[in-house]
Trainee: 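Have a look at the structure that comes next, please.
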Amino acid sequence: MAKLTADALRDMYLKFFESKGHTIISGASVIPENDPTVLFTTAGMHPLVPYLLGEKHPAGTRLTDVQKCVRTGDIEAVGDSAHLTFFEMLGNWSLGDYFKKEAIAWSYEFLTKHLGFNPEQLSVTVFRGEGDIPRDDEAIACWKALGIPEERIYAKGREDNWWGPAGTTGPCGPDTEMFIDTGKKPCGSECGPGCGCGKYIEIWNDVFMQYNKSAQGTYEPLKQHNVDTGMGVERTICMINGYKTVYESELFLPLLEKIRELTTHALPEADRVRAERIIADHMRTATIILGDPKGGVKPGNVGANYVLRRLIRRAVRYAMDLGLPTGFTATMADIVIGTYVNFYPELQEKRELIVSELTAEESRFAKTLTQGRHEFEKVAIVMAEHGQTQISGKTAFKLYDTYGFPLELTEELAAERGMTVDKDGFLKAEEKHKEASKQGEGVFKGGLADHSEQTTRLHTATHLLHRALKNVLGEHVNQKGSNITVERLRFDFSHPEKMTKEQLEQVEDIVNEQITRALPVTCETMPIEEAKASGATALFTAKYGEQVKVYTIGDFSKEVCGGPHANNTSELVAFKILKEESSSAGVRRIKAIIGEPALAKRKAAGK
Ligand code: SER
């Protein structure tokens with residue numbers, strides 16, 4: 001039987017939900033649009049949070065899409081048969097439209113009629129009720145009506161069958177998860193969906209957002225009932241085709257084959273497999289991040305940039321174990337681009353940037369590793385002088401964390417000198433570090449919905465800045481990246497040279513003039529072509545015919561954008577540029593603030 005490819009699955013899924021009255025929308029950028037609370041898009045619902053909270057979506061109340069997601073919380077687990085740092089999520093959405101009956105019936109229809117799963121293979125879980133919230137009898141009744149017998153409907157608690165809120169407050173609700181029984185023997189009498197033994201594989205999650213969690217921690221029924229579903233592309237094609245691991249699909253196989261062809265160091269089987277998978281996974285994710293249409297994430301030391309750096313360096317480290325040649329990152333990127341170009345044509349357009357960033361980071365890291373070896377030698381000499389023979393866990397962890405030395409490498413080098421490494425101490429230091437970065441990862445999970453008012457105003461300031469730059473420097477100025485924290489905006493734009501003091505002053509004055517004019521900010525919905533024809537600045541890649549939102553600021557600016565925005569420019573109070581610098585070749589970067597601090601700084605400058 002012909003294999004089901006990712007291209008075919010995406011197409012099948014979107015068309016199915018289109019036939020059920022859904023509008024196909026473009027997935028969002030994997031780098032969140034003006035959302036300072038997250039580093040990457042982690043779920044399909046993520047870019048849709050404002051609409052789940054009640055804002056009107058331009059494409060209507062039934063939507064379907066494919067969302068690129070990056071999750072690096074489990075990066076250390078990559079290398080097993082299932083963990084990935086990048087995946088695509090297929091989703092269908094009801095924004096106050098249909099609810100449980102339709103969502104469940106369509107999930108069932110798609111799984112059994114289109115993907116060809118035998119209804120006998122299907123087990124489901126539902127929320128069993130906890131505290132004030134009753135058992136999800138409605139979902140149970142829906143499954144029974146479709147012929148799923150009671151013994152294959154498992155009622156479970158909050159840990160398993162509750163989703164959200166995305167932040168500390170907001171929409172949330174019970175979910176029903178669908179599992180395919182692989183036919184393996186149960187591992188014991190307790191074995192069931194959610195058991196880790198591999199008998200049951202989760203394939204789809206339908207979330208019913210019917211509650212709002214208040215700041216007091218109570219759950220109030222929501223006026224707008226939403227459905228949010230998520231089905232992973234990689235896992236689904238793996239199961240349909242009967243693959244043992246996700247790495248057997250066409251999304252990974254060409255990468256693995258190339259790695260094997262380039263390998264020059266023999267490793268024990270289990271180590272080899274793990275190294276190959278890590279390289280394939282990390283290079284795929286790095287290529288997708290660098291090739292994202294929003295752009296702006298490069299290997300670096302903080303936030304999303306650091307995640308990207310870590311992915312590339314981990315891949316390089318394992319590539320060294322296998323003895324892959326210098327420049328292998330470019331080879332890997334070309335394979336990833338070839339695999340995804342049909343669905344994400346922007347990868348081809350960004351090929352040059354992807355390859356140059358990857359190879360630059362690869363060679364920077366090679367240098368760091370050499371420095372690490374020097375560091376090791378220094379430690380070894382001092383230890384020998386003091387007659388010590390055990391490298392402390394802290395030192396071993398520093399070599400790992402700062403120079404990318406795997407523990408095994410430190411152990412090998414130590415052994416060559418008749419020394420040992422305090423492995424327990426290393427593991428303890430690593431655990432401590434993991435705890436700290438988990439707290440950092442909290443950023444991912446917490447506050448998806450936190451579009452604070454200040455952030456919203458900074459977003460409006462970004463539109464004013466973009467237009468003012470075009471007025472002063474010329475129409476060649478285009479947004480290359482935007483990043484907003486609660487304190488400041490950062491805006492990257494194309495311009496070949498450093499801006500002069502006069503130009504900066506002019507731009508700042510123009511923006512302040514618009515703030516003083518107290519211009520209203522309005523929003524309209526129209527097809528992308530109409531928006532472009534009306535002269536709106538449009539950055540992102542939207543599908544032909546897709547409805548988009550156009551934000552107009554008085555007579556000054558018009559931009560295609562998802563929002564949200566301030567209602568009036570007067571809310572910004574004042575605007576002050578803090579810095580103008582180079583971001584990369586042909587791209588400049590401005591950091592600016594608004595509000596009272598901006599006003600004070602302008603006054604101090606005699607404005
Ligand atoms: N938000 C849910 C999930 O991430 C369903 O899309 O699983």
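Order of appearance sets the numbers: ligands from 1, and atoms from 1 within every ligand. Note: hydrogens, waters and symmetry copies are ignored here, and every other heavy atom, side chains too, is used.
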Trainee: Have a look at W204 and tell me which of T236, T176, I180, L111 forms a side-chain contact (heavy atoms from CB on, under 4.5 Å) with it.
Mentor: L111
Trainee: Which N/O atoms of ligand 1 sit under 3.5 Å from a protein N/O, and at what distances?
Mentor:
| from | atom 1 | to | atom 2 | distance (Å) |
| --- | --- | --- | --- | --- |
| ligand 1 | 1 (N) | D228 | OD2 | 2.8 |
| ligand 1 | 6 (O) | D228 | OD1 | 2.7 |
| ligand 1 | 6 (O) | T229 | O | 3.3 |
| ligand 1 | 6 (O) | G230 | N | 3.3 |
| ligand 1 | 7 (O) | N205 | ND2 | 3.3 |

Trainee: Could I get the full list of side-chain contact (heavy atoms from CB on, under 4.5 Å) partners for V336, not counting sequence neighbours?
Mentor: L255, R284, T287, Y340
Trainee: Which pair of non-hydrogen atoms, one from M89 and one from F87, has the smallest distance, and what is that distance?
Mentor: CE-CE1, 3.8 Å
Trainee: Taking all non-hydrogen atoms of both residues, which atom of V207 and which atom of G173 are closest, and how far apart?
Mentor: CG1-O, 4.2 Å
Trainee: Is R310 paired with E76 through a side-chain N to carboxylate O contact shorter than 4.0 Å?
Mentor: yes
Trainee: Taking side chain as C-beta onward, heavy atoms only, is T525 less than 4.5 Å from V548?
Mentor: no
